[in-house]
Protein chains: 2
Amino acid sequence: MSTRRFPTRDELRIWRDYLETGDLVRASLAARLQRSSGLSPGDYAVLLALSEAPGGRMRSSTLAETIGWERSRVSHHLGRMEKRDLIRRENCTTDNRGAEVVLAPAGQAAFQEATRPHLRDIREIFVDALTPEQLAAAGEIAAALRAQLAHPTAPRGLA
Amino acid sequence: MSTRRFPTRDELRIWRDYLETGDLVRASLAARLQRSSGLSPGDYAVLLALSEAPGGRMRSSTLAETIGWERSRVSHHLGRMEKRDLIRRENCTTDNRGAEVVLAPAGQAAFQEATRPHLRDIREIFVDALTPEQLAAAGEIAAALRAQLAHPTAPRGLA
DNA sequence: TCAATCTGATTGACGTGTCAATTATGCCCG
DNA sequence: CGGGCATAATTGACACGTCAATCAGATTGA
């Protein structure tokens with residue numbers, strides 16, 4: 001009985017629609033963000049974290065944890081952002097291995113420029129598109145999918 | 001009145017959950033596919049299209065249309081797949097500009113190896129995670145979001 | 001003290017995606 | 001015919017992501 005049938009045509013269509021639509025939404029928001037501020041979603045995430053940190057500065061590893069990225073990803077992204085003067089990197093005084101990421105003026109400006117239009121876009125593209133019931137359902141669906149990922153029906157050696 | 005408020009904290013949480021969960025699902029499926037067959041989702045999409053084409057061959061531009069990719073993306077991906085002997089490229093006899101993409105034996109084998117586990121994974125990770133109502137709601141949410149993307153509340157010069 | 005080890009961060013190789021430019025061929029019309 | 005334009009596909013430059021390897025500075029334990 002654990003061997004149920006393959007997904008039906010309808011189920012496959014919904015699955016595909018679900019994922020592809022998520023991508024479209026993401027892409028549309030990213031395009032608007034880029035147009036309004038020159039920032040990528042990654043840039044925005046970094047600047048948001050920094051702007052909420054005291055002094056606009058943060059240890060690189062703390063940043064990684066805050067936005068949920070791998071450390072090497074952070075390193076690469078900071079390298080690109082540093083070239084554009086959005087952030088600076090300084091040596092950490094309390095731990096010579098460490099690096100501190102500092103919000104640069106251009107970064108702060110771009111972030112402030114970006115925030116309001118970005119929030120408005122999220123409302124327009126996502127929130128306004130759905131009825132309150134659909135919005136709630138979206139949250140429940142996400143939760144159900146996460147639960148399934150955390151506890152797969154048939155463990156296959158994947159975390 | 002067209003200037004409604006920014007999204008609430010809850011709305012933002014749902015929005016973020018929705019997109020991030022989609023990514024997690026995608027990543028989990030991709031990891032399983034990779035493990036079971038050595039194929040990436042892109043590889044799978046290409047091989048699926050080819051395996052459904054008569055003779056396992058297809059014009060490169062037709063392939064692009066079929067799977068909804070940009071042509072340059074197809075070119076790059078085919079280059080990588082060709083190096084792994086999953087496909088071959090031949091000159092098109094009817095149009096000397098054109099290229100025909102041909103399913104290679106290794107590609108056919110990998111695809112057949114991949115299909116059943118992949119469909120089962122989709123069922124386990126996505127379909128089985130949701131109640132029938134949630135599945136239906138997921139379809140409706142995707143449709144609503146697409147409709148919104150096609151007809152933005154406040155056009156901002158974006159297609 | 002100082003060697004083994006742990007940890008913070010960077011780096012390099014590579015897959016993947018976009019955009020703009022390029023190449024080569026087909027095609028149409030004066 | 002032949003110049004001009006459309007089309008097929010590739011290419012190059014770059015952003016972004018992962019993984020594995022590396023490097024330097026902390027830590028700690030005989």
Side-chain angles (χ1 to χ4, degrees), chain A residues 19-20 23-24 26-31 33-35 37-46 57-84 86-102 158-159, chain B residues 19-20 23-24 26-31 33-35 37-46 57-84 86-102 158-159:
Chain A
L19 291 194
E20 283 177 5
D23 261 358
L24 289 177
R26 194 193 326 281
S28 174
L29 279 170
L33 183 61
Q34 189 84 48
R35 267 171 49 82
S37 67
L39 298 176
S40 72
D43 299 334
Y44 187 82
V46 168
R57 61 172 55 230
M58 218 173 181
R59 284 290 288 273
S60 173
S61 51
T62 313
L63 176 60
E65 265 185 39
T66 303
I67 58 185
W69 286 6
E70 290 193 9
R71 293 227 297 232
S72 87
R73 180 177 175 185
V74 171
S75 268
H76 284 302
H77 204 95
L78 291 181
R80 292 187 294 263
M81 290 181 74
E82 197 168 27
K83 267 195 286 192
R84 295 190 288 147
L86 296 173
I87 56 111
R88 285 192 334 272
R89 278 189 276 201
E90 296 179 359
N91 288 345
C92 177
T93 55
T94 68
D95 184 336
N96 282 329
R97 291 167 302 186
E100 285 225 319
V101 190
V102 188
L158 215 127
Chain B
L19 291 193
E20 283 178 4
D23 260 358
L24 289 176
R26 195 193 325 279
S28 173
L29 279 170
L33 183 60
Q34 190 83 50
R35 269 170 49 81
S37 67
L39 298 176
S40 72
D43 299 335
Y44 187 82
V46 168
R57 61 172 54 229
M58 220 172 178
R59 284 290 289 274
S60 173
S61 52
T62 313
L63 176 59
E65 265 185 39
T66 303
I67 59 185
W69 285 7
E70 290 192 10
R71 293 216 307 206
S72 87
R73 180 177 174 186
V74 171
S75 268
H76 284 302
H77 205 95
L78 291 181
R80 293 186 295 264
M81 290 181 74
E82 195 168 27
K83 268 196 284 192
R84 297 189 286 147
L86 297 173
I87 54 111
R88 285 194 333 273
R89 276 190 275 202
E90 297 179 358
N91 288 344
C92 178
T93 55
T94 68
D95 184 337
N96 283 330
R97 292 168 300 186
E100 284 224 320
V101 190
V102 188
L158 215 125

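Chain A is the first sequence line, chain B the second, and so forth, proteins listed ahead of strands; every chain is numbered from 1.
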Does A:Ser40 make a side-chain donor-acceptor contact with the base of D:dC16, cut-off 3.5 Å? no
Under 4.0 Å from OP1 or OP2 of D:dG17: is there any side-chain N or O of A:Arg73 that close? yes
Would you indicate which nucleotide in D:dA15, C:dT10, C:dA20 comes nearest to any side-chain atom of A:Arg80? D:dA15
Give the nucleotide from the list C:dA13, C:dG8, D:dT10 with an atom nearest to the side chain of B:Ser75. D:dT10
Considering only C:dC19, D:dT7, C:dT10, which nucleotide approaches the side chain of B:Glu70 most closely? C:dC19
Non-hydrogen atoms of B:Val74 and B:Ser60 that approach each other most closely: CG1-OG, 3.9 Å
Can you tell which of D:dA9, C:dT11, C:dC19 lies closest to the side chain of B:Arg59? D:dA9
Between the side chain of B:Glu82 and the main-chain N/O of B:Arg89, is any donor-acceptor distance below 3.5 Å? yes
Counting the atoms with a prime plus P, OP1 and OP2 as sugar-phosphate, which does A:His77 contact under 4.0 Å by heavy atoms, base, sugar-phosphate, or nothing? sugar-phosphate
5'-most contact on DNA chain D: A:Arg84 or A:Asn96, nearest heavy atom basis? A:Arg84
So which nucleotide from D:dT10, D:dA26, D:dA13 ends up closest to the side chain of A:Arg97? D:dA26
Does any N or O in the side chain of A:Asp43 come within less than 3.5 Å of the main-chain N or O of A:Ser40, such that one atom is a donor and the other an acceptor? yes
Contact class for B:Ser61 (heavy atom, under 4.0 Å): base, sugar-phosphate, or nothing? sugar-phosphate
Output yes when at least one side-chain N/O atom of A:Arg89 is less than 4.0 Å from OP1 or OP2 of C:dA9, else no. no
Given 3.5 Å as the limit, does a donor-acceptor pair link the side chain of B:Ser28 with the main chain of B:Leu24, or not? no
Counting distance alone, no hydrogens or angles: does the base of D:dA9 have a donor or acceptor under 3.5 Å from a partner atom on the side chain of B:Arg71? yes
